[in-house]
**Q** 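Got a structure for you, questions after.
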Amino acid sequence: MLSKNLLITALLLVISYAPAAFSQAHMNNSFKSAESNLSINESNLYCFQTLQCLKEVNPFKNSNLDNVKLNQGTEKYVVEGKSKNEELYAEYNGSNGNLIKATVIQRNIILPRNIMAEITTGDYNGWTMVGNKRVIKNFMKDTIEYEVVMMKDGELRIEYFDSNGMMIDQLI
């Protein structure tokens, strides 16, 4: 019974993370160019720190931030949204527009080269990546963590990396 449940879980993970495996096959693209397709990337993290910058730059296609009025007595503004591979939740102070807290989750992205190098050598020989996730807390580069799901002979393995590509215990 346990073996059957493990097999079903493994199949569900493979099916849900299959796009990541295909996206990783095209490693000729640089990490920066892959990030440019995401609303939130390392090059624009700084702008998500304040609503004022978001209003001026507006990295969200098809959205109007003109309705955001600071110093109007509003306790806070919440910015949230989802797309196929990206989720965002952010709270900003209504009086000055400064960030209170935020979480960004991006799935099935092209991983940084240092992480790809780590998972394609040594202990991971013969393993296939079936999915990944990047989590960014408070739009700060040093909080970026990666979860990489790999499979070999029906066995699943999940590894975690920090923003420098160093292996860590688990996403927080």
Side-chain angles (χ1 to χ4, degrees), residues 16-119 129-149 158-172:
S16 65
Y17 283 114
F22 294 112
S23 72
Q24 294 299 317
H26 303 289
M27 285 306 294
N28 295 341
N29 297 336
S30 71
F31 183 59
K32 289 289 185 197
S33 66
E35 277 202 339
S36 65
N37 294 330
L38 299 170
S39 297
I40 303 163
N41 55 63
E42 287 186 30
S43 68
N44 68 9
L45 284 178
Y46 72 92
C47 193
F48 285 87
Q49 295 293 321
T50 67
L51 280 175
Q52 188 61 39
C53 187
L54 278 183
K55 285 180 68 167
E56 291 170 7
V57 176
N58 196 357
F60 304 110
K61 297 174 179 90
N62 303 320
S63 48
N64 182 354
L65 299 177
D66 291 339
N67 295 331
V68 175
K69 306 261 189 268
L70 300 176
N71 302 314
Q72 297 293 315
T74 304
E75 280 187 43
K76 67 180 177 182
Y77 285 100
V78 173
V79 177
E80 59 185 329
K82 279 186 177 182
S83 67
K84 181 178 177 184
N85 292 326
E86 197 170 30
E87 291 178 39
L88 161 68
Y89 179 86
E91 291 180 12
Y92 294 89
N93 182 301
S95 62
N96 60 18
N98 289 331
L99 181 67
I100 298 170
K101 67 179 179 178
T103 302
V104 177
I105 299 172
Q106 299 169 324
R107 292 178 182 82
N108 301 327
I109 62 168
I110 294 178
L111 294 172
R113 286 191 170 112
N114 54 356
I115 295 176
M116 283 305 297
E118 179 71 27
I119 65 173
M129 182 178 58
V130 294
N132 67 58
K133 177 169 60 172
R134 173 170 50 187
V135 177
I136 307 169
K137 297 283 186 184
N138 298 323
F139 306 114
M140 297 181 69
K141 184 179 177 183
D142 62 346
T143 68
I144 297 175
E145 295 183 354
Y146 297 85
E147 173 186 287
V148 181
V149 180
I158 301 174
E159 298 293 349
Y160 301 91
F161 299 88
D162 67 12
S163 60
N164 297 316
M166 300 299 293
M167 207 175 248
I168 56 176
D169 285 335
Q170 190 173 14
L171 289 175
I172 299 173

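Along the sequence shown, residues carry numbers from 1.
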**Q** Would Phe161 and Leu111 count as a side chain to side chain contact (heavy atoms under 4.5 Å, CB included) if you check the C-alpha gap in whole Å, the side-chain angles of each, and the deciding distance to 0.1 Å?
**A** CA-CA 11 Å; Phe161 299 88; Leu111 294 172; over 6 Å; no
**Q** Ile100: which residues meet the side-chain contact (heavy atoms from CB on, under 4.5 Å) condition with it, sequence neighbours left out?
**A** Lys76, Glu91, Asn93
**Q** Which of these passes side chain to side chain contact (heavy atoms under 4.5 Å, CB included) with Tyr92: Asn98, Thr50, Leu54?
**A**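 Answer to the side chain to side chain contact (heavy atoms under 4.5 Å, CB included) test with Tyr92 among Asn98, Thr50, Leu54: Leu54.
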**Q** To the nearest 0.5 Å, tell me how far Ile115 CD1 sits from Asn132 CG.
**A** 8.5 Å
**Q** How many angstroms lie between atom CD1 of Ile119 and atom CE of Met129, to the nearest 0.5 angstrom?
**A**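 Rounded to the nearest 0.5 Å, the CD1-CE separation comes to 5.0 Å.
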**Q** Name all residues meeting the side-chain contact (heavy atoms from CB on, under 4.5 Å) criterion together with Met140; count only those two or more places apart in sequence or in a different chain, and write none if there are none.
**A** Gln49, Asn138, Asp142, Thr143
**Q** Can you tell me how far NZ of Lys55 sits from SG of Cys47, rounded to the nearest 0.5 angstrom?
**A**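 Atom-to-atom, Cys47:SG and Lys55:NZ are 12.5 Å apart.
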**Q** Please walk me through it: do Ile144 and Leu45 pass side chain to side chain contact (heavy atoms under 4.5 Å, CB included)?
**A** CA-CA 11 Å; Ile144 297 175; Leu45 284 178; 4.3 Å; yes
**Q** At what distance, to the nearest 0.5 angstrom, does CE of Met167 lie from CG of Asp162?
**A**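 Between atom CE of Met167 and atom CG of Asp162 there are 11.0 Å.
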**Q** Tell me every residue that passes salt bridge (charged side-chain N to carboxylate O under 4.0 Å, His left out) with Glu118, counting only those two or more places apart in sequence or in another chain.
**A**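 Once residues adjacent in sequence are excluded, Glu118 has no partner under the salt bridge (charged side-chain N to carboxylate O under 4.0 Å, His left out) criterion.
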**Q** What is the minimum heavy-atom distance between Gln106 and Ile109, and which atoms define it?
**A** CB-CG2, 3.9 Å
**Q** Side chains of Asp169 and Tyr160: closer than 4.5 Å at any heavy-atom pair?
**A**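 Not touching, per the 4.5 Å side-chain cut-off.
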**Q** For Met166, look at atom CE and say whether over 12 heavy atoms of other residues, nucleotides or ligands are found less than 6.0 Å away.
**A**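 No, CE of Met166 has 12 or fewer neighbouring heavy atoms, counting only those of other groups under 6.0 Å.
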**Q** Could you pull out the closest heavy-atom pair between Tyr46 and Cys53, with the gap in Å?
**A**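 What the structure gives for the nearest pair is CE1-SG, 4.1 Å.
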**Q** Of all the heavy-atom pairs spanning Ser163 and Tyr146, show the shortest one and how long it is.
**A**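 Closest pair (atom of Ser163, atom of Tyr146, distance): CA-CE1, 4.3 Å.
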**Q** Quick one: ring-ring contact (aromatic ring centres under 6.0 Å, His included) partners of Phe48, sequence neighbours excluded?
**A** Phe60, Phe139
**Q** With a 3.5 Å distance limit and no angle check, can you tell me whether Glu86 reaches the backbone of Ile40 through a side-chain donor-acceptor pair?
**A** yes
**Q** My understanding is that only residues two or more places apart in sequence, or in another chain, count here; which of them pass side-chain contact (heavy atoms from CB on, under 4.5 Å) with Thr103?
**A**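 Applying side-chain contact (heavy atoms from CB on, under 4.5 Å) to Thr103 gives Ile105, Val135, Lys137.
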**Q** Does Glu80 have any salt bridge (charged side-chain N to carboxylate O under 4.0 Å, His left out) partners at least two apart in sequence or in another chain, and if so, which?
**A** none
**Q** Find the distance between NZ (Lys133) and CG (Asn85) and round it off to the nearest 0.5 Å.
**A** 13.0 Å
